[in-house]
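Okay, so here's the structure we're looking at.
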Amino acid sequence: MTFRLRRRDVIRGAGAIAIGLPWLEAMEPRSARAQTPSVAQRFVAVYQPGGAEQSRWLPSGSETDFQLSEILAPLESVRAKLLVAAGLDMKSALGEQHQAGIVGLLTGMAQGQAGKYVSGPSVDQVIAEIASAGKPRTSIEMAVRWATGKSHGLLHPINAMTFANDGKASPIPPRIDPQEIFDSLFGSLNPEDGAAAELARKQSILDFVGRRYESLALRLGERDRQRLDEHLTKVRELEGTLVSGTPVGGGCQAPERVDTSDYNPASGLNSSDSGSIVDSSSDAAIPKVGKFMMDMLVMALACDLTGVVTLQWSDTEAKHTFPWLNLSEHHHYYQHDGGFRSEECAQICRWYSEQHAYLLQQMDAVDMGGHTLLDESVVFVGSEISHPPTHTKTSMPFLLAGGGGGLRGNRLLSFNGASHNDLLAAILNLFGDPRTTFGDERYASAPLAGLV
Amino acid sequence: MKTSSKQGSVCTLVLMLAAGQLSSACSGQGEVDGYGAGNSGAGAQPGVVTTTGGVGAASSSAATDGTTVSTTDGTTGSVSGAGGTTSDPPVDCSTPQPNRAPIRRLTRFEYNSTVASLLGDTTSPANSLPAELLGNGFGNDADQQPVSNFLVEQYATIAGEVAARATQPDRFGSLAPCIAEVTAETEASCARSFIESFATKAYRRPLDGAELDELSELERGIRSAATFEQSLASVIEAVLQSPDFLYRPEFGVADATYPALLRPSGHEMAARLSYLFWGTVPDEALSAAAEAGELATDAGVLAQATRMVDDPQARPVIRHFFDYYLPLNTLTDLSRDAASYPTFNATIGSLMREETQTFLEYEIFQGSGTWPGALTAPYTFVNEPLANFYGIAGVVGDEFRRVDLDTTKRLGLLTQGGVQAGTTVSNFTNPVRRGVFLLRNIMCVDLPDPPESIANSIMPPDPGSAATGRERYSQHRENPVCANCHSVMDPPGYALENYDAVGLWRDQENGVTIDATGQLEILPEPFDGPVQLVTQIAASELTQHCFAENWLNFGYGRTLDSQDSCSVSAVQEAFTQSGFDVKALLVALTQTDAFLYLSPEQAL
């Protein structure tokens, strides 16, 4: 039974001190490390929908001497820390053609039947046990313009990517409101307006609430007690996230709040199955919101709020338009609803590469004391499918970036049809987790060699 | 029309009803554009209650590779496919068999109703919580209520918002009588009296001295650095996040007749009743009955149940059940190609949902009162815009009113536009999807899923490939691997092909007259057209049992299993005896072992 009491006790101690001296306690451990740590410290997983046409995605050349493709060209500035992981097959992604790809992407588990979730955790949650130890939050999940189309704004196997390491693989709902994310992560920042008193008030409420879960749980049967214990853990974690003041110094700087009033995060609630109901205001705001989320993602890591963040760009239906690219139909239309449009799909993929380049550049600009945030991280980007119109799952468009655990960039690796389960195991190894298989055992053999 | 053979076919329904565990070599389950007909997202068709020998099984059946939506301890209560009659020992009903009662957490619906009752807050704050997992098909499955960090943060956020609204100047005084005249001297005791009355109602039970002290300490501590409004708001905020509010713990009291068993205490029974019928806290009359010990007997519970089912507070809960049981939730955003469906517009979906809900409320409370009655009623409810859409003359104004149907074309609930459009997720009908809806959801027939190995390659047929739906799905008949199961699943769907993708009647599709004939082993006669189909469905015992089983799962907030057979039989018996009266069914839910007793194992 992992209640994370260790973490909670750590946070209680740190929290009491942190109220007077914001962030300095959190800063100390890192400044002692001048060298890039040998074990990866942070994990980021990014989801881009709709796959990529291999002929326009795959770089040409050899392992160390390659030219980025038209889709990947925007990543040229960070190629030194980029590893193209080509030729991997999502062998475990058996099930409904869209859903199996996203529920299997980070879990390596088979969906089996349409409408079901998987029965194993996603790799980010397993990594979080290590990478988020001692930090206020296990992980942070974010999504931009999410749950479009048939999922009607709700968590569903057609849009679910992360699953808890709780023995039940509970699907984790991502946070979709950029303002809520900002408030939750970076809080109220001005000490003059009574923020300290408000903080103390909230803490005493949560303290009371936690004690209620504790004492009620003791009176319940085994199974019910477990559920209340899980709830208690989350209450304590919430309590641990309450800190006052502005993050100061070093790489940790609270991002500026961005006005996203033209963006309705819950736009999916009013979607139609086919994407024919268009929310042009929210669609037009996607670049701005995505950038804001990426800025918050980077600072959540830099400020040690967590060791694991995932970001979803929409979902497997991606039934939103792209006004800034002058594309008036939704993504799935260009994949096959309107007949495969190679040019438009490549345009969209290239735009996603530009966003990813921004993310990696921002991570590389954070000084963690002699090395950058990117150097100590592993950043994975993937999609639920490979070929946009046919939704195949061979030769997936996967990328890794960073230097965490010795990950070595500036290389093009071709894995010739190896199972992506082995990639997930290899990523875990970068964090010091020694296991040799991850996910569905039928499709796992040994961790991929060659990442370091 | 080929029927499945009786020998060796895993899709023969006779064998399904007897044999239990099924393996499937079939393809092409009701699958369109990536959405399964079974356990799909919140708001879509509910998961399945299978019935073999009258015992329910889980909506999330175990796939061949073992991927299930598992529960806390791995026992899903799901006996997937198996009726439980052949492999489990029979349950002895001579002593009460309450079976499991996992602790239940308030759903968003219940949270909203509850804060409305407690504080008059009608803003539906819980809508910003993450949606529930579908679980038993109704989103209230106690075995599928995980806790995420996000959920707990949102509980905190909405509690703060509700508390702030409740302590606005115009409402603050209504929180407790002493507040209007409070002074510095009387404040502490006024706070305590508010705490006692509010927490008692919110927790659905009296508080002991220590609990009151703890909440008072919290309030006084905050008061030292905040206003009285803020300190009382903090009490509300704390209570709304407490497990005593969000969850429904039950400890029981020893039963007089069976000392080894427990009954829910008076207050626990009051909460069971109030959440079953009204989705909210008990009213004064129910609380008084609990205090007076009336809920300690079956008869006392029955008396309250009878009163409560007729109370207006029951209507939203019944509506909520049907929003899940029928494909109504997605109707609000129904969208169709304007060129193909020129009379359809964005409001029609909502209107069709309203038609079905209005019809059901009428039928249950004023009409026949029965489920077969609802399935065969020769009328429906429309307003002017909807009547124009259907081509019904003589309806003026926005109010819904009863109109007679052309009973050669429509009869009862299942032929309503909302059900037909709701079982269509594109501009083209999918007879498989509709057939599966009828068989799984309405008749609780266990249908195997296609094998995992071909699940990836299931694609909807090209709409241009043939003139009619029946022809487009011809693969299901021509390929013997498919035919095994599809000869069972498809026929009801073909009989509904006269309803297009927006639920309107058509005699032809693409110039070809629609062939709506078919037969099923589980129905006595071959059918020609939807009216004959639904008439037989309504007359089938499977349909009535299925309806009752779904209410059992919804009412008890889990998926019933083989250990519930005593409770299930009691309800089925009462439902049958009543002539399949819906209100009688709801009341019968309170007269079972599962409802009247509490297993002592819960306390272990």
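Reminder, nothing fancy here: chain letters follow the sequence lines and each chain counts from 1. Since we're looking at a predicted model, the values are computed, not measured.
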Quick one: NE2 on A:His152 to CG on B:Asn329, what's the gap to the nearest 0.5 Å? 9.5 Å
Test item: A:Arg227 side-chain N/O and B:Ala142 main-chain N/O as donor-acceptor pair under 3.5 Å: yes
How far apart are the C-alpha atoms of A:Phe208 and B:Glu237, what are their side-chain angles, what is the distance that settles it, and do they pass the side chain to side chain contact (heavy atoms under 4.5 Å, CB included) test? CA-CA 11 Å; A:Phe208 166 87; B:Glu237 203 172 327; over 6 Å; no
What distance separates B:Leu134 CG from A:Leu155 CG, expressed to the nearest 0.5 Å? 11.5 Å
Stepwise side chain to side chain contact (heavy atoms under 4.5 Å, CB included) check, A:Leu238 with B:Tyr155: CA-CA 11 Å; A:Leu238 176 58; B:Tyr155 277 141; over 6 Å; no
Mind ranking B:Gly160, B:Ala238, B:Ser128, B:Ala346 by heavy-atom pairs under 4.5 Å with chain A and telling me who comes out on top? B:Ala238
Does a side-chain heavy-atom distance below 4.5 Å link B:Asn149 with A:Arg137? no
Just verifying a value: how many Å separate B:Glu132 CD and A:Leu154 CG, rounded to the nearest 0.5 Å? 9.5 Å
Counting only heavy atoms closer than 4.5 Å, note whether A:Leu269 contacts chain B via side chain, backbone, both or neither. backbone
Kindly write out the residues that satisfy side chain to side chain contact (heavy atoms under 4.5 Å, CB included) with A:Thr392, not counting sequence neighbours, or none if the list is empty. A:Ser386, A:His387, A:Thr390, A:Thr394
Would A:Leu228 and B:Ile103 satisfy side chain to side chain contact (heavy atoms under 4.5 Å, CB included), going step by step from the backbone distance to the final call? CA-CA 9 Å; A:Leu228 256 67; B:Ile103 192 169; 4.2 Å; yes
Does any heavy atom of chain B fall under 4.5 Å from the side chain of A:Ser204, the backbone, both, or neither of them? both
I need the A:Ser274 OG to B:Arg336 CZ distance, nearest 0.5 Å. 8.0 Å
Rounded to the nearest 0.5 Å, what separates atom CD1 in A:Ile172 from atom CG in B:Leu151? 12.0 Å
List the atom of B:Asp333, the atom of A:Ile277, and the distance in Å for their closest heavy-atom pair. O-CD1, 4.0 Å
Only heavy atoms, only distances under 4.5 angstrom. Which residues in residues 218-226 of chain B are near chain A? B:Leu218, B:Ile222
Taking C-beta and beyond as the side chain, do B:Ser148 and A:Pro173 meet within less than 4.5 Å on heavy atoms? yes
Taking it one step at a time, do B:Glu214 and A:Arg212 satisfy salt bridge (charged side-chain N to carboxylate O under 4.0 Å, His left out)? CA-CA 10 Å; B:Glu214 211 179 341; A:Arg212 277 308 306 149; 5.0 Å; no
For B:Glu153, which of A:Lys234, A:Lys202, A:Arg175 qualifies under salt bridge (Lys or Arg N to Asp or Glu O under 4.0 Å)? A:Arg175
Geometric class of the B:Tyr247/A:His231 ring pair [parallel <30°, tilted 30-60°, perpendicular >60°]: perpendicular
Please evaluate residues B:Thr330 and A:Lys150 with respect to the criterion side chain to side chain contact (heavy atoms under 4.5 Å, CB included), reporting the C-alpha separation (whole Å), side-chain torsions for both, the decisive distance (0.1 Å), and the verdict. CA-CA 9 Å; B:Thr330 53; A:Lys150 296 193 194 82; over 6 Å; no
How many angstroms lie between CZ in B:Phe150 and CD1 in A:Ile181, if you round to the nearest 0.5 Å? 8.0 Å
Quick check for you: among B:Asn427, B:Thr332, B:Leu215, B:Leu334, which has the greatest number of heavy-atom pairs under 4.5 Å with chain A? B:Leu215
Per-residue contact mode, A:Glu180 against chain B (heavy atom under 4.5 angstrom): side chain
A:Tyr213 versus B:Ser242, closest heavy-atom pair with distance: OH-C, 3.9 Å
Per-residue contact mode, B:Gln154 against chain A (heavy atom under 4.5 angstrom): side chain
Check each atom of B:Ala159 against the heavy atoms of chain A and say whether the ones under 4.5 Å are side chain, backbone, both or neither. neither
Please give me the minimum heavy-atom distance between B:Pro249 and A:Leu220, naming the atom from each residue. CB-CD2, 4.4 Å
Most contacts with chain A, counted as non-hydrogen pairs under 4.5 angstrom, among B:Glu211, B:Gln241, B:Arg105: B:Gln241
Just give me the residue among A:Pro171, A:Ala164, A:Ser271 that pairs up with chain B most often, heavy atom to heavy atom, under 4.5 Å. A:Ser271
